[in-house]
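Report on the structure given below.
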Amino acid sequence: LVIKELLVMLGIPSLDDTYNGNDTLRRDGLALTLDIHYEHDWLGRTYEYSYSVRRHKTTRASKFTVVGARRANATLPGVVKRSGLQIELRCMGEAGRVGFRPFMLAVVSSLALV
């Protein structure tokens, strides 16, 4: 799964497309949640995955950092804005299920050994 596929799932062709005049998602940042739901058997072998992605409508992925810049003998404060892609990852899954038929087969097999 690559980032381009996540953007396509959200209907975003490119981070460089403009909206609201000159704004771009690359400059303002983009926050999203990627849900991965998986199922595996009782031995731990995964046999199914499903992905869903949703965009955080009100959150932009930008961070502000206060830095100091040295000029001659003084340190002048400054602020640096960093923007990008913020992905919140949520993994959910289910353990293998025991069916009646496999359970009875295991019981009969173990009783045959006695």
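Atom set for the values below is all heavy atoms of this structure, side chains included, hydrogens, waters and symmetry mates excluded. By convention here, the first residue in the shown sequence is residue 1.
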Would you give the length of the straight line joining atom [atom1] of [X] to atom [atom2] of [Y], rounded to the nearest 0.5 angstrom?
X: Ser52; Y: Leu34; atom1: OG; atom2: CG; value: 7.0 Å
X: Arg90; Y: Thr33; atom1: CZ; atom2: OG1; value: 6.5 Å
X: Ile3; Y: Ile12; atom1: CD1; atom2: CD1; value: 12.0 Å
X: Glu5; Y: Leu10; atom1: CD; atom2: CG; value: 12.0 Å

- Following the transitive rule for hydrophobic clusters with a side-chain heavy-atom cut-off under 4.5 Å over Ile, Leu, Val, Met, Phe, Trp and Tyr, establish whether Leu6 and Leu89 coincide in one cluster. yes
- Item | hydrophobic_cluster_shared for Tyr51 and Val2, side chain cutoff 4.5 Å |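 Result: no, two separate clusters.
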- Query: With Tyr38, which residues qualify under ring-ring contact (aromatic ring centres under 6.0 Å, His included), at least two apart?
  - Reply: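 If we apply the ring-ring contact (aromatic ring centres under 6.0 Å, His included) test to Tyr38, skipping adjacent residues, the hits are His40.
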- Within 6.0 angstrom of Asp16 CG, more than 12 heavy atoms from elsewhere: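 For Asp16, atom CG is crowded (more than 12 foreign heavy atoms under 6.0 Å).
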- Ile87, CD1 atom: more than 12 neighbouring heavy atoms under 6.0 Å: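 For Ile87, atom CD1 is crowded (more than 12 foreign heavy atoms under 6.0 Å).
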- Message: Using modelled atom types and a 3.5 Å cut-off, is there a donor and acceptor pairing between side-chain atoms of Lys4 and backbone atoms of Pro13?
- Response: yes
- Item | Residue pair Val53, Leu7: steps toward the side chain to side chain contact (heavy atoms under 4.5 Å, CB included) verdict | CA-CA 9 Å; Val53 64; Leu7 295 176; over 6 Å; no
- May I have the step-by-step check of side chain to side chain contact (heavy atoms under 4.5 Å, CB included) for Gln86 and His56, ending in yes or no? CA-CA 10 Å; Gln86 177 182 350; His56 298 202; over 6 Å; no
- Sole residue of Leu30, Asp17, Thr18, Leu15 in side chain to side chain contact (heavy atoms under 4.5 Å, CB included) with Thr24: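 Exactly one candidate clears the test, Thr18.
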- Are the side chains of Leu25 and Arg55 in touch, meaning some heavy atoms are under 4.5 Å apart? yes
